[in-house]
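Here's the structure we're looking at; comments come further down.
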Amino acid sequence: MRRALLAGNWKMHLNIAEAVDLARGVVEAAAGCSDRDVMIAPPFTALSAVAQALQGSQVFLGAQNVAWEAKGAFTGEIAPPMLKDIGVRMAIIGHSERRHIFGEDDAMINRRLRAALEFGLTPVLCLGETLEEREGGKTMAVLEAQLRSGLQDVPTGQAEQTVLAYEPVWAIGTGKTATTEQAQEAHAFLRGLLASFYDKNLAETVRILYGGSVKPDNVDALMAQADIDGALVGGAALKIDSFKRIVRFQ
Ligand code: 13P
């Protein structure tokens, strides 16, 4: 049985005081939910302060990206040991905004993922097709190519610690959610790919989150799908009332 993971990606929002406030709310929202994991990924500037606010709680601290080297001349990047140093446990990698706005390619994403694993951070590898790709019937081919290159040279022991997040680009921040059937179909396809790249055991272990306009009113139906193991939430993670309802999905 896979443990549910409800994750908030705060993107480029909130100052330190606002982030600490929201983090405290998430700690309260997650209290007593011992059957599920909760993660929040604040902007880098708020990580230290949020780490303090999460101390003693079950809520995991996540980063929104991670460099592929431990140190060096990489202006603007944050190394995995630096994140570990302040208590980060997970790292979102290959988010569609990184791929499409900042031009991160599959090879770069694979390097980030392998570095995260090497330094003991749990990667959340994001995958998803654009509207054009979906309408052109290319969804599954895109997902297969992204998963294959994302996990290239990742051995079984590390791959089973990876979390996947299916985030159709056309559903992010648009209010358009994939239907539960579209999401389940993509998740089942990704799980099948994991079984063929590795083995059935690994495929049954790896958690696959859905992301893209997850809200209080659609989270229960999404989470009821056999292959949807959690949610990666943007907008609705920025308000405690909506994120609390998502954390407490039924
Ligand atoms: P929204 O929930 O705002 O659509 O964002 C999803 C997302 O990109 C999470 O990483």
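Start at 1 with the first residue, then count along the sequence. Just so you know, these numbers use all the heavy atoms, side chains as well, and skip hydrogens, waters and symmetry mates.
Using a 4.5 Å cut-off on side-chain heavy atoms (C-beta onward), Val163 and Thr122 make contact. Leu151 places a side-chain heavy atom less than 4.5 Å from the side chain of Leu194. Thr205 places none of its side-chain heavy atoms less than 4.5 Å from the side chain of Arg2. Within the 4.5 Å cutoff, the side chain of Thr174 has heavy atoms near those of the Ser213 side chain. Looking at heavy atoms from C-beta onward, Arg134 lies out of side-chain contact with Val142 at the 4.5 angstrom threshold. Looking only at side-chain heavy atoms (C-beta outward), Ile92 and Pro123 stay at 4.5 Å or farther from each other. Two residues are said to be in side-chain contact when any heavy atoms from C-beta on lie closer than 4.5 Å; Val66 and Ile78 fail this criterion. Side-chain contact check for Lys84 versus Arg89: every heavy-atom pair is 4.5 Å or farther apart.
Side chains of Asp227 and Gln184: a donor on one and an acceptor on the other come within 3.5 Å. Looking at Glu129 and Tyr166, their side chains do bring a donor and an acceptor atom within 3.5 Å of each other. For the residue pair His187/Gln225, the side-chain donor-acceptor check at 3.5 Å is not satisfied. Side chains of Glu133 and Thr130: a donor-acceptor N/O pair is present below 3.5 angstrom, by distance only.
If you take CZ on Phe44 and CD1 on Ile86, they are separated by 8.5 Å, rounding to the nearest 0.5 Å. The CZ atom of Phe189 sits 9.5 Å away from atom OG1 of Thr139, with the distance rounded to the nearest 0.5 Å. Here NZ of Lys239 is found 12.5 Å from CD1 of Ile246. Values are rounded to the nearest 0.5 Å. Annotation: the span from Glu118 atom CD to Gln158 atom CD amounts to 8.0 Å, rounded to 0.5 Å. One distance of note links CG of Leu47 with CD of Gln52; it measures 12.0 Å at 0.5 Å rounding.
The two residues Val26 and Ile240 come nearest to each other via the heavy atoms N-CD1, 3.5 Å. Closest approach of Val247 and Cys33 over heavy atoms only: CG1-SG, 4.3 Å. The minimum heavy-atom distance between Ala159 and Val206, with the atom names listed, is O-CG2, 3.7 Å. In this structure, Ser96 and Ile172 approach most closely via the heavy-atom pair OG-CD1, 3.2 Å. Of all heavy-atom pairs between Ala178 and Trp170, the closest is CA-CH2, 3.6 Å. The nearest pair of heavy atoms linking Ala237 to Trp10 is O-NE1, 3.5 Å.
Between Glu144 and Arg148 there is a salt bridge, since a side-chain N of the basic residue sits under 4.0 Å from a carboxylate O of the acidic one. We find that Glu104 and Arg98 are joined by a salt bridge, their nearest charged nitrogen and carboxylate oxygen being less than 4.0 Å apart. Between Glu204 and Arg191, none of the side-chain N atoms (NZ, or NE/NH1/NH2) sits under 4.0 Å from a carboxylate O, so this pair counts as no salt bridge. With respect to Lys11 and Glu97, a salt bridge is recorded, a charged nitrogen being found less than 4.0 Å from a carboxylate O. A salt bridge is defined here as a Lys NZ or Arg NE, NH1 or NH2 lying under 4.0 Å from an Asp or Glu carboxylate O, and Arg99 with Asp106 meets this definition. In this structure, Arg112 pairs ionically with Glu77, as a charged nitrogen and a carboxylate oxygen lie closer than 4.0 Å.
When Val219, Asn218, Asp220 are each tested for a side chain to side chain contact (heavy atoms under 4.5 Å, CB included) with Leu222, only one passes: Asn218.
In this structure, Arg248 forms no cation-pi arrangement with Phe243, as its terminal cationic atom is not both closer than 6.0 Å to the ring centre and no more than 45° off the ring axis.
Remark: side-chain polar atoms of Gln146 are paired, donor with acceptor, to backbone N or O of Gly128 under 3.5 angstrom. Between the side chain of Asn110 and the main chain of Gly150, a donor-acceptor pair closer than 3.5 Å is present. Using a distance-only test at 3.5 Å, with no hydrogens or angles considered, a donor-acceptor pair links the side chain of Gln182 to the main chain of Thr179. At least one donor-acceptor pair under 3.5 Å links the side chain of Gln64 to the backbone N or O of Ala41. Listed for the Arg207 side chain is a donor-acceptor partner under 3.5 Å among the backbone atoms of Arg3. For the pair Asp229 (side chain) and Leu209 (backbone), a donor-acceptor distance under 3.5 Å is absent. The backbone N or O of Ala236 lies less than 3.5 Å from a partner atom in the side chain of Ser242, making a donor-acceptor pair.
Both Leu83 and Leu113 belong to a single network of hydrophobic side chains, linked directly or stepwise wherever heavy atoms of I, L, V, M, F, W or Y lie under 4.5 Å apart. Put simply, Leu238 and Val59 are part of the same group of oily side chains (I, L, V, M, F, W, Y) that touch within less than 4.5 Å, one to the next. The hydrophobic cluster containing Leu143 also contains Leu125, counting ILVMFWY residues as joined when their side-chain heavy atoms lie under 4.5 angstrom apart, directly or transitively. Hydrophobic clustering of Ile, Leu, Val, Met, Phe, Trp and Tyr side chains at less than 4.5 Å, counting indirect connections, unites Val27 with Leu14. Using a 4.5 Å cut-off between side-chain heavy atoms of Ile, Leu, Val, Met, Phe, Trp and Tyr, with links allowed through other members, Leu22 and Val233 fall into the same hydrophobic cluster.
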- Message: For a side-chain contact (heavy atoms from CB on, under 4.5 Å) check, start with the C-alpha distance between Leu232 and Leu6, then their side-chain angles and the critical distance, and finish with the verdict.
- Response: CA-CA 6 Å; Leu232 183 55; Leu6 294 312; over 6 Å; no
- Message: If you apply the rule side-chain contact (heavy atoms from CB on, under 4.5 Å), what do you find for Leu190 with Leu127, and how did you get there?
- Response: CA-CA 10 Å; Leu190 287 168; Leu127 317 148; 3.7 Å; yes
- Could you give me the CA-CA distance, side-chain angles and deciding distance for Glu69 and Arg111, then say whether salt bridge (Lys or Arg N to Asp or Glu O under 4.0 Å) is met? CA-CA 9 Å; Glu69 295 284 347; Arg111 291 179 82 181; 3.7 Å; yes
- Task: Mind running side-chain contact (heavy atoms from CB on, under 4.5 Å) on Leu147 and Leu164 for me, showing each step along the way?
- Result: CA-CA 9 Å; Leu147 187 66; Leu164 302 183; 3.7 Å; yes
- Item | Derivation and outcome, side-chain contact (heavy atoms from CB on, under 4.5 Å), residues Arg245 and Asp241 | CA-CA 6 Å; Arg245 175 63 184 81; Asp241 288 351; over 6 Å; no
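For Gln58, the CD atom counts as loosely surrounded, since its 6.0 Å shell holds 12 or fewer non-hydrogen atoms of other residues, nucleotides or ligands.
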